[in-house]
Peer 1: 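Here you go, one structure.
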Number of protein chains: 2
Amino acid sequence: MSDEAPWLDESEMATWLAFIGVVMRLPGTLEVQLRRDADLNHFEYSVLVFLEHAEGGTLRMSDLAFLCNGSLSRLSHVARRLENDGLIERFACPDDGRSTLARLTDAGRERLVKAAPGHVRLVRELVFDELDPDEMRQMGEFAKRILARIQA
Amino acid sequence: MSDEAPWLDESEMATWLAFIGVVMRLPGTLEVQLRRDADLNHFEYSVLVFLEHAEGGTLRMSDLAFLCNGSLSRLSHVARRLENDGLIERFACPDDGRSTLARLTDAGRERLVKAAPGHVRLVRELVFDELDPDEMRQMGEFAKRILARIQA
DNA sequence: CCTGCTTCATTGAACCTTCAACCAACCTAG
DNA sequence: CTAGGTTGGTTGAAGGTTCAATGAAGCAGG
């Protein structure tokens, strides 16, 4: 299959623990703000954000799920809740009878306005304020390369 | 309160999307392997790993929860399942009547042996093989600094 | 045009996490 | 020594995610 993968040495382990620490704790930290300001979790917030910025204001469910880093099943459950709450609408895609398109409602846009400023502020506090421009560039590059591997 | 937090510019947004993409997708990716090889999720795996390496083979529930990046309540539920499955034991702390100590059983150690090699291999494939030593050092430093902010 | 494969999406059940309530043990000021 | 506060841990219920099953719509070959 593959060569013996050597165990992580002390320095690698320290890096990994910090890395996985960020991965595990960041979502919960972000959700405290989103829940408080707009009663949303991070996935729901992503759904609203991507719909807001979408070409034509709509996205197919499966494209939206990919953008939000979640499964289509997860999105389907979440979309039902968001639709029941009047934050989004769904309707059949005219071009492809299998697809469903989602669109933000005015109420959804309002909800986003409640969430976004605090969210951006928090993201800055936690990440961007800690890195200078050069470090930020590096960090982005690392993340893109690792993400590419995860998606492969 | 605080100054106007400027919106993320295009480059910052690209960095953030890659970063949050890793944060959201990595746990699921790791859990596919852990579930397949040892029928564990990542949190359960962490519990076993930290108990394995603990001084004296035991840890207090609350210390273990912190190390595993989870809440005490979450650990309490997980520990009950792991204990029912015979992978860990719990017993009263002799020094402090409020505390509970957890310890790995032989079955737990065996389970860990099933999970660990594939886990380490996957972590290497996804992260460390993508970064050269200098980049890895940087990455670890960034993660530590961001984690410090999250924990503050 | 019909058969089988693939894609898109939804659903219910099982499972896991969170949240709030609760309890016991410890600590400390008066 | 004891009343009130804090720390450590567990629990049940509510809510969210995953997994597998289902079904409709499109597509491609015979």
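The sequence lines fix the lettering, A, B, ..., with proteins before strands; numbering per chain opens at 1. All values reported here derive from a predicted model rather than from experimental measurement.
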Peer 1: Please check this pair: side chain of T105(B) against backbone of L87(B), looking for a donor-acceptor N/O pair closer than 3.5 Å.
Peer 2: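 Indeed, once roles are kept as given, a pair shorter than 3.5 Å links the two residues.
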Peer 1: The side chain of R90(B) is closest to which nucleotide in this list: dT10(D), dC16(C), dA9(C)?
Peer 2: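 Shortest atom-to-atom distance from the side chain points to dT10(D).
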Peer 1: On DNA chain D, does the nearest nucleotide to N41(A) precede the nearest nucleotide to D95(A) from the 5' side, or the other way round? Give the residue.
Peer 2: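 This one resolves to N41(A).
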Peer 1: May I have the distance from M24(A) (atom CE) to dC16(C) (atom C1'), rounded to whole angstrom?
Peer 2: 14 Å
Peer 1: On the nucleotide dG16(D), are OP1 or OP2 found under 4.0 Å from the side-chain N or O atoms that R74(A) carries?
Peer 2: no
Peer 1: Is a side-chain donor or acceptor of S99(B) paired with a backbone partner of D95(B) at a separation under 3.5 angstrom?
Peer 2: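 Checked: no pair found.
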Peer 1: In whole angstrom, what separates R25(B)'s CZ from dT18(D)'s C1'?
Peer 2: 16 Å
Peer 1: Atom CZ of F66(A) to atom P of dT7(C): distance rounded to whole Å?
Peer 2: 16 Å
Peer 1: Figure out the CD/C1' separation between E31(A) and dG15(D), and round it to whole Å.
Peer 2: 12 Å
Peer 1: Counting only heavy atoms not in D106(B) (residues, nucleotides, ligands), do more than 12 fall under 6.0 Å from its CG?
Peer 2: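 No, CG of D106(B) has 12 or fewer neighbouring heavy atoms, counting only those of other groups under 6.0 Å.
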Peer 1: From the list dG9(D), dT11(D), dT11(C), which nucleotide is the closest neighbour of the side chain of L72(B)?
Peer 2: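 Selected nucleotide: dG9(D).
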Peer 1: dC8(C) phosphate, OP1 or OP2: any side-chain N/O from R60(A) under 4.0 angstrom?
Peer 2: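 True: R60(A) side-chain N/O within range (under 4.0 Å) of dC8(C) OP1/OP2.
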Peer 1: Say whether, by atom type as modelled, one donor and one acceptor occur between the side chain of E83(B) and the main chain of R90(B) under 3.5 angstrom.
Peer 2: yes
Peer 1: Is the backbone of Q151(B) close enough, under 3.5 Å, to the side chain of R25(A) for a donor and an acceptor to pair up by distance?
Peer 2: no
Peer 1: I want to confirm an ordering. Mapping M61(A) and R35(A) to their closest nucleotides on DNA chain C, which one lands closer to the 5' end?
Peer 2: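 Looking at DNA chain C, the more 5' nearest nucleotide goes with M61(A).
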Peer 1: Nearest whole Å is fine: how far is dC19(C) P from R36(A) CZ?
Peer 2: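 Distance check: R36(A) CZ to dC19(C) P gives 13 Å.
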Peer 1: Could you tell me whether S76(B) contacts a base, only the sugar-phosphate backbone, or nothing, with contacts defined as non-hydrogen atoms closer than 4.0 Å?
Peer 2: base
Peer 1: Going by modelled atom types, is there a donor-acceptor pair between the base of dG15(D) and the side chain of H77(A) at under 3.5 Å?
Peer 2: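 Counting by modelled atom types and ignoring angles, no donor-acceptor contact under 3.5 Å is found here.
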Peer 1: Would one find a side-chain N or O of R81(B) under 4.0 angstrom from OP1 or OP2 of dC16(C)?
Peer 2: yes
Peer 1: Over how many whole Å does the gap from D39(A) atom CG to dG16(D) atom P extend?
Peer 2: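 Computing the D39(A):CG to dG16(D):P distance gives 9 Å.
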Peer 1: Please determine if a side-chain N or O atom of R98(B) lies less than 4.0 Å away from the OP1 or OP2 oxygen of dT10(D).
Peer 2: no
Peer 1: Looking only at the side chain of S99(B) (C-beta and beyond, no hydrogens), which of the listed nucleotides dG8(D), dT10(C), dA25(D) gets closest?
Peer 2: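 When the side chain of S99(B) is considered, dG8(D) is the closest of dG8(D), dT10(C), dA25(D).
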Peer 1: Whether the side chain of R124(A) engages the backbone of P6(B) through a donor-acceptor N/O pair (distance < 3.5 Å, no angle test) should be reported.
Peer 2: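 Judged by distance alone, yes, a pair lies under 3.5 Å.
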Peer 1: Any donor-acceptor pair under 3.5 Å between the side chain of S73(A) and the base of dT17(D)?
Peer 2: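 No such pair is found, so the answer is no.
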Peer 1: Tell me whether the OP1 or OP2 atom of dG9(D) has a side-chain N or O from S62(B) closer than 4.0 Å.
Peer 2: yes
Peer 1: Rounding to an integer number of Å, can you tell me how far E44(B) CD sits from dC16(C) P?
Peer 2: 6 Å
Peer 1: What is the distance from CZ of F91(B) to P of dT10(D), rounded to the nearest Å?
Peer 2: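 Whole-Å distance recorded here is 13 Å.
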